[in-house]
Amino acid sequence: MNNKQIANTLHQLADFLEMKGENTFKVQAYRRAARAVESSRVSLTEIQDQLEQISGIGKGTASIIREIIETGQLAMLEEIRLQLPPELPKLLHLPGLGPKSIYTLYQQLGITNINELKELAEQQKVRSLPGFGPKKEEKILAAIENYSEGPARIYVHQAMFVAESLRVKLSTIDQVEQVELAGSIRRWKETIKDIDFVVATVHPIEVGKQIVSWSEVKQVIGQGETKVSITVDIEGIVMGVDFRLVTPEQFASSLHHFTGSKEHNVRIRQRAKQYGWKVSEYGIEDTKTKQMMTFQDEQALFAKLELPWIPPELREDRGEIEKAEQNQLPTLVQLSDYRGDLHMHTLYSDGANTVREMAEAAKELGYEYIAITDHSRSLKVARGLSIEEVYEQWEEIDKVNQMVEGITILKGAEVDILTDGTLDYPDDLLQGMDIVIASIHSQFRLDEKAMTRRIIRAIEHPLVNIIAHPTGRLLLRRDPYEVNMDELFQAARDTGTILELNANPYRLDLKDTYLQQAKEEYGLKFTINTDAHAIGGLSQIQFGIATARRGWLEKEDVINTYSLSELKQVLRKK
DNA sequence: GCCGTTTTCGGCCCGACTGTTTTCAGTCG
């Protein structure tokens, strides 16, 4: 029984209780406990007697968790399952439908799943329920239609592309005084549902009218005095965009409010309450005098609450408030710290450019060094290099090092970790390289034990410097391998092996929470690389840096910020 | 159900929008 499973059970319990009309604070309490379980760094099975010490878990939830651990289930939940249809919570996924409506649908019409809901809505049986009507019925049918296509999340690089083109359009509107991205995209989450803009203007209605008149607008979802909500289609990328229209005085507070995260905001409001203040998107109100304070910028807003400014990437309620209170926020790594990319491909394997073209493009970005790391021989689909070809490439790298000044090209390879954990090249070949990256490109579906052993064997290899994309996930497409991350981190620490944060926006692997954990608990170092397959791919480093910041990494945690001699020292340490 | 340098009881974050109502509940972020 792992933490994830325990948290899931608590979430299910909360969902069911909410639909049964249970006290909302009680439901919130279970949700909060579930969140606490999820973010716990230790396995709850190992600290069963100390559960109550976790904030958000009291006597009641603690005994519930113990029951889950001991029996593998929860009697209370099983009992509710007998009373309520098991598929009912799935209806919560439909936008516009909340627990209250769902319970009404179940009680009055006996609806137990999405199909039955669809059927009765089509027969116009839903509109006559109390609190329902024709519009709501239509909305339900539209929601069911969309639901079958799955939840539409967009990769951060695509969302950023859409956002930047809209930002340009916004800035051409005369009445717009200030524009800033907010929401999850400002926090650089790896996938994005909606884009949020905060717009400062004294003519909100007029600005709203102009926005909905753009040719990119596919659908207007809502249009009020302070908010315009649309769907856009820009070069085939379809996504929702919300514009919050506020006065210049409200701008800083609104920016903070709509940047979130929700959990971060809750903490901020709780803090403000201690001072007798109320925080909203319009400012901070003194509860007694009813006076509204507004702020020049976010810095001033945080300062009012006696906190230093917290970078948006940290605003997830993962400890940033506590660190800010102690004035111990990390100095996050930034793009300007970055000195060289250590993972890229060329025409030798499945890349699109020559060694020289990659080197010159990197030099253009101001890098001091790069490593050429083409695929190894077993990876036929990517035209992995034979041993012979590796020697050829070394000769070419030597030549380009002579020709292109101001940047050093390191000889490397991305060597496949074979199913048994051995490497795809012999040791004497690897010995001749400056840098060896090992990674998995086949046999993704081993069980956890076999996969963990496989990767750890590669980590323990004395010539392996880096494990690339360690969990193998492809965002929105493929789950990570089954692997025990704690054992992996421990092996990396014991051997001085560096773990990669792959900056490719389809991967972003290791993910933010693993980075934070691996740094805090194991003191690991990391490398951020683009895995570029063409010169254009090098610029994707920004997504890696952003993810590193979400993982609380500082400059010294990332070896790509080291000088070449420092880097070589780290590589030799192994 | 959880929690406490004002509390062991009485709170628990805040406001907009929608669609339903005829003053507001539900949902969302």
Side-chain angles (χ1 to χ4, degrees), chain A residues 10 13-14 17-19 21-36 51-65 76 91-105 126-140 142-143 182-187 192-198 204 208 220-229 240-246 250 253-254 256-285 287 292 305 315 317:
Chain A
L10 289 171
L13 183 63
L17 290 178
E18 190 169 33
M19 277 179 299
E22 182 59 87
N23 177 306
T24 48
F25 297 114
K26 195 170 175 177
V27 174
Q28 292 301 338
Y30 282 127
R31 293 243 160 84
R32 186 170 171 228
R35 252 173 54 76
L51 293 175
E52 285 93 338
Q53 288 169 22
I54 300 173
S55 176
I57 297 178
K59 255 176 134 177
T61 315
S63 71
I64 282 178
I65 292 174
M76 182 175 19
L91 299 182
L92 285 167
H93 296 300
L94 298 172
L97 272 194
K100 292 277 178 354
S101 311
I102 292 171
Y103 195 60
T104 306
L105 288 166
V126 170
R127 58 178 63 188
S128 52
L129 293 178
F132 289 73
K135 286 253 174 87
K136 187 148 184 176
E137 197 176 64
E138 277 169 39
K139 249 184 138 176
I140 289 171
S184 57
I185 195 168
R186 181 165 181 241
R187 303 198 312 278
I192 308 290
K193 195 158 132 283
D194 296 305
I195 295 171
D196 289 287
F197 277 107
V198 178
V220 179
I221 295 161
Q223 190 176 359
E225 254 180 73
T226 65
K227 176 183 170 180
V228 173
S229 205
V241 189
D242 287 348
F243 301 86
R244 309 289 175 156
L245 309 167
V246 299
Q250 297 163 342
S253 278
S254 283
H256 175 261
H257 176 87
F258 291 113
T259 296
S261 65
K262 202 171 137 194
E263 291 78 13
H264 169 90
N265 284 355
V266 168
R267 295 292 307 274
I268 289 289
R269 294 205 192 97
Q270 286 169 344
R271 183 178 176 85
K273 252 187 125 149
Q274 297 167 9
Y275 297 82
W277 299 335
K278 208 165 69 175
V279 177
S280 77
E281 57 263 54
Y282 305 121
I284 298 184
E285 188 189 280
T287 322
M292 181 67 89
L305 296 167
R315 300 183 197 169
D317 191 21

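Naming convention: chains lettered A, B, ... in sequence-line order (proteins, then strands); numbering from 1 in each chain. Keep in mind the model is a prediction, meaning the values are calculated, not measured.
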How close or far is atom [atom2] of [N] from atom [atom1] of [X], stated in whole angstroms?
{"X": "A/K135", "N": "B/dC17", "atom1": "NZ", "atom2": "P", "value": "16 Å"}
{"X": "A/E263", "N": "B/dC14", "atom1": "CD", "atom2": "P", "value": "16 Å"}
{"X": "A/R127", "N": "B/dG19", "atom1": "CZ", "atom2": "C1'", "value": "13 Å"}
{"X": "A/K26", "N": "B/dG10", "atom1": "NZ", "atom2": "C1'", "value": "17 Å"}
{"X": "A/I140", "N": "B/dT18", "atom1": "CD1", "atom2": "C1'", "value": "13 Å"}
{"X": "A/K273", "N": "B/dT6", "atom1": "NZ", "atom2": "P", "value": "14 Å"}
{"X": "A/N265", "N": "B/dC14", "atom1": "CG", "atom2": "P", "value": "12 Å"}
{"X": "A/I221", "N": "B/dG19", "atom1": "CD1", "atom2": "P", "value": "12 Å"}

(message) For B/dT20, does the O4'-C1'-N9-C4 or O4'-C1'-N1-C2 angle fall within 90° of 0, making it syn, or is it anti?
(response) anti
Taking [M] as the reference, what is the distance to [N] when you measure between their [atom1] atoms (whole Å, please)?
{"N": "B/dC14", "M": "B/dT7", "atom1": "C1'", "result": "23 Å"}
{"N": "B/dT20", "M": "B/dA25", "atom1": "P", "result": "16 Å"}
{"N": "B/dT23", "M": "B/dT18", "atom1": "C1'", "result": "15 Å"}
{"N": "B/dA16", "M": "B/dG11", "atom1": "P", "result": "24 Å"}
{"N": "B/dC3", "M": "B/dT8", "atom1": "C1'", "result": "9 Å"}
{"N": "B/dC12", "M": "B/dC17", "atom1": "P", "result": "24 Å"}
{"N": "B/dT6", "M": "B/dG1", "atom1": "P", "result": "28 Å"}

(message) I need the minimum non-hydrogen distance between A/I102 and A/L92, along with the two atoms involved.
(response) CD1-N, 3.5 Å
(request) Compare every heavy atom of A/I54 with every heavy atom of A/A36, then report the nearest pair and how far apart it is. (result) CB-CG2, 4.0 Å
(message) Under the rule for side chain to side chain contact (heavy atoms under 4.5 Å, CB included), what residues qualify as partners of A/S184, not counting sequence neighbours?
(response) A/R187, A/K189, A/I192
(message) Under a 3.5 Å threshold, yes or no: a donor from one side chain and an acceptor from the other, between A/T259 and A/R186?
(response) yes
(request) By nearest nucleotide on DNA chain B, pick out whichever of A/G131 and A/S280 is the more 5' one. (result) A/S280
(message) Pick the closest DNA chain B nucleotide for A/P130 and for A/A33 by heavy atoms, then say which residue is nearer the 5' end.
(response) A/A33
(message) Tell me which nucleotide, if any, is Watson-Crick or G-U wobble paired with B/dT8 when both distances must be under 3.5 Å.
(response) none
Base, sugar-phosphate alone, or nothing: which one does [X] contact when heavy atoms must sit under 4.0 Å apart?
{"X": "A/G56", "value": "sugar-phosphate"}
{"X": "A/Q274", "value": "nothing"}
{"X": "A/E225", "value": "sugar-phosphate"}
{"X": "A/T24", "value": "nothing"}
{"X": "A/Y30", "value": "sugar-phosphate"}
{"X": "A/V279", "value": "sugar-phosphate"}

(request) Scan nucleotides 23-29 of chain B nucleotide by nucleotide, 5' to 3', and note B when protein non-hydrogen atoms come under 4.0 Å of the base, S if they reach only the sugar-phosphate, - if neither. (result) ---SSSS
(request) Taking only the side-chain nitrogens and oxygens of A/Y282, find out if one of them lies under 4.0 Å from OP1 or OP2 of B/dA16. (result) yes
(message) Quick check on B/dG15: is either OP1 or OP2 less than 4.0 Å from any side-chain nitrogen or oxygen of A/T226?
(response) no
(message) The criterion is salt bridge (charged side-chain N to carboxylate O under 4.0 Å, His left out); which residues satisfy it with A/E138, sequence neighbours excluded?
(response) none
(message) Going by the rule salt bridge (charged side-chain N to carboxylate O under 4.0 Å, His left out), which residues pair with A/R32 if we only count those two or more places apart in sequence or in a different chain?
(response) none
(message) Among residues at least two apart in sequence or on other chains, which ones pass side-chain hydrogen bond (donor to acceptor under 3.5 Å, both in side chains) with A/D317?
(response) A/R35, A/R267
(message) What's the closest nucleotide to the side chain of A/P134 if the choices are B/dC2, B/dG15, B/dT20?
(response) B/dT20
(request) Taking the six-membered ring for Trp and the full ring for Phe, Tyr or His, determine whether the centres of A/H257 and A/H264 are under 6.0 Å apart. (result) no
(request) Please list, chain by chain and in numerical order, all residues satisfying ring pair (Phe, Tyr, Trp, His ring centres under 6.0 Å) with A/F197, sequence neighbours excluded. (result) A/F243
